[in-house]
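The block underneath contains the structure these notes are about, expressed in structure tokens.
Residues: numbered from 1 along the sequence shown. Side chains are part of it too, since the values below use all heavy atoms of this structure and drop only hydrogens, waters and symmetry mates.
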Amino acid sequence: MWNNNKVTKSLGITYPIIQAGMAGGTTTPELIAAVSNAGGLGTLGAGYMRAEDMREVIKKIKKLTDQPFGVNLFIPEVSEISKDKIKKANELLRPYREELHVVEPEVKEVSTANYDKQVEVIIQEAIAVCSFTFGVPSKNIVQRLQKENIIVMGTATTVREAIINEECGVDMVVMQGSEAGGHRGTFSGSFSDSMIGTMSLVPQAADHVHIPVIAAGGIMDGRGVLAALTLGAQAVQMGTAFVTAVESGAKTQHIDAILESTEDQTVITSVFSGKPARGIQNDFIREIKPYEEDLPDYPIMNTLTTGIRSEAAKQNRPEWIHLWSGQSPRLSTRQHAAALLSDIVLQVENMISNR
């Protein structure tokens, strides 16, 4: 059966469908629980969360489901704090801050302390799955998690990165194709050299690593799920499809933008965070793009634009907020997460029975 493989057995789920751990508030306890209760794997996007806050959200999720769910963490990235770049970026951002009445934020040194605490919470709360992006966890962390029977999931954008994940001991790896919305998970080499389509990336990775491969990027319905499984993936991870779910915590402007956009309106940009990410084109991207190469790296640029994006959403200015989306927005729907997952399962099973 299509839903009887290493991933479903290891994760204790009915269907090989994983809701991506999208950071920034999209993955509400209600969304995560709905996906897990429907037979998939819900995932908390905890990349930006303080460890203490993450624990509180985990407790809320546990009240809503007794099924397995995951937590996604960001591998800390330490960037050089260039005062010159920060000054130039603040000059570019001043008109937006003035119009929105936002103050200039303080840029602090990046610390790994919160990340270390997050890992401890994962262990203490006995989370079923811990996934990582923006790099690979240390072998020590991988082994500590596995010792507690926690499944460790990595992220890769090339076969080489998949091999690095396998060498570090992760249990399975998400292959993020170029169609994926949000931040690129590239950590080895240039992101531009890692823009490989999902359907090309998956079979090549499946042929070169022994751990299960999970397909991600542009998958929105049963057709995408079955195609990925046919090419060697043992599960799929879906992000954009769940951004527009009723239980999603995404901002209204973000949801509307996805539902109203087409495949030719998404672009890769680093103007919001300093890290390449796929989102729907808007004024902020167009206006800052000419200066993209001179902007501070992630996470510094992300800090500089956080207040602008937050206040722009409050003031209903979608032209100035990040609208992360994969390349298949035409396939997006507005329905409950459980109904979405049920529809996908039915589509897959109908296609299999009609072969």
Side-chain angles (χ1 to χ4, degrees), residues 1-21 35 40-41 43 68 70 72-73 75 128-137 142 145-146 150-189 191 193-241 326-328 344-345 348 352:
M1 292 292 291
W2 69 279
N3 59 336
N4 185 20
N5 58 34
K6 290 181 180 179
V7 170
T8 54
K9 291 178 180 177
S10 296
L11 302 183
I13 58 179
T14 306
Y15 306 110
I17 298 172
I18 300 167
Q19 165 247 308
V35 173
L41 183 79
T43 308
N72 178 260
L73 303 181
I75 302 294
V129 182
C130 184
S131 61
F132 295 86
T133 191
F134 301 167
V136 182
V142 171
L145 291 168
Q146 291 171 336
I150 297 170
I151 300 294
V152 180
M153 193 180 293
T155 301
T157 59
T158 63
V159 173
R160 180 169 180 266
E161 290 183 343
I163 293 172
I164 293 172
N165 269 276
E166 184 173 43
E167 290 173 343
C168 286
V170 304
D171 297 295
M172 50 192 72
V173 61
V174 175
M175 301 307 303
Q176 185 192 40
S178 59
E179 300 95 326
H183 286 103
R184 301 297 299 155
T186 303
F187 62 87
S188 177
F191 96 90
D193 293 335
S194 305
M195 293 293 287
I196 303 151
T198 305
M199 296 303 154
S200 177
L201 182 61
V202 167
Q204 294 183 82
D207 285 349
H208 285 85
V209 296
H210 298 94
I211 56 177
V213 164
I214 298 164
I219 301 170
M220 300 284 285
D221 59 18
R223 292 171 295 182
V225 171
L226 189 55
L229 297 177
T230 302
L231 290 171
Q234 297 204 32
V236 300
Q237 178 172 282
M238 303 170 69
T240 305
Q327 282 189 312
S328 304
I344 292 169
V345 169
V348 173
I352 291 175

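- By the 4.5 Å heavy-atom criterion applied to side chains, Met172 and Leu11 are counted as neighbours.
- Listed here is the closest heavy atom pair of Met199 and Pro203: O-CD, 3.3 Å.
- Among Ile211, Asn72, Ile18, Val173, the single residue meeting the side chain to side chain contact (heavy atoms under 4.5 Å, CB included) criterion with Met153 is Ile18.
- At a threshold of 4.5 Å between non-hydrogen side-chain atoms, the residues Asp171 and Gln146 count as touching.
- One finds the CG atom of Leu41 at 8.0 Å from the CD atom of Gln19 (value rounded to the nearest 0.5 Å).
- Looking at every heavy atom in both residues, Glu166 comes nearest to His210 through OE2-N, 2.7 Å.
- Nearest heavy atoms, Pro137 versus Val170: CG-CG1, 4.5 Å.
- Counting only heavy atoms from C-beta outward, the side chains of Asn4 and Lys9 approach each other to under 4.5 Å.
- The CD1 atom of Ile196 sits 5.5 Å away from the CG atom of Leu201 when rounded to the nearest 0.5 Å.
- No side-chain donor-acceptor contact under 3.5 Å links Thr43 to the backbone of Gly70.
- Annotation for Ile219 and Ala228: closest pair CD1-CB, 4.1 Å, computed over non-hydrogen atoms.
- For the pair Thr186 (side chain) and Thr157 (backbone), a donor-acceptor distance under 3.5 Å is absent.
- Shortest non-hydrogen contact noted between Val202 and Ala215 is CG2-CB, 3.5 Å.
- Taking the side chain as every heavy atom from C-beta outward, Asn165 and Phe187 approach each other to under 4.5 Å.
- Side-chain N or O atoms of Gln176 include one that pairs as donor or acceptor with a backbone N or O of Gly185 at under 3.5 Å.
- Side-chain atoms of Thr198 and Glu179 form a donor-acceptor pair, as typed in the model, at a separation below 3.5 Å.
- Thr158 and Ser194 get closest at one heavy-atom pair: CG2-OG, 3.5 Å.
- Ile163 places a side-chain heavy atom less than 4.5 Å from the side chain of Val209.
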Contacts table for residues 230-240: side-chain donor-acceptor under 3.5 angstrom, sequence neighbours left out:
residue	atom	partner	partner atom	Å
Thr230	OG1	Leu226	O	2.7
Gln234	OE1	Lys6	N	3.3
Thr240	OG1	Gly326	N	2.9

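- Relative orientation of the Trp2 and Tyr15 rings is parallel, given thresholds of 30° and 60° on the angle between their planes.
- Residues Ser131 and Thr155 have side chains not in contact (no heavy-atom distance under 4.5 Å, counting atoms from C-beta outward).
- Arg184 places a side-chain N or O within donor-acceptor distance of the main-chain N or O of Gly177, the cut-off being under 3.5 Å.
- Side chain of Gln204 to main chain of Val159: no donor-acceptor pair is present (N/O by atom type, distance under 3.5 Å, no hydrogens or angles).
- Residues Val136 and Ile75 form no side-chain contact, since every pair of their non-hydrogen atoms from C-beta on lies 4.5 Å or further apart.
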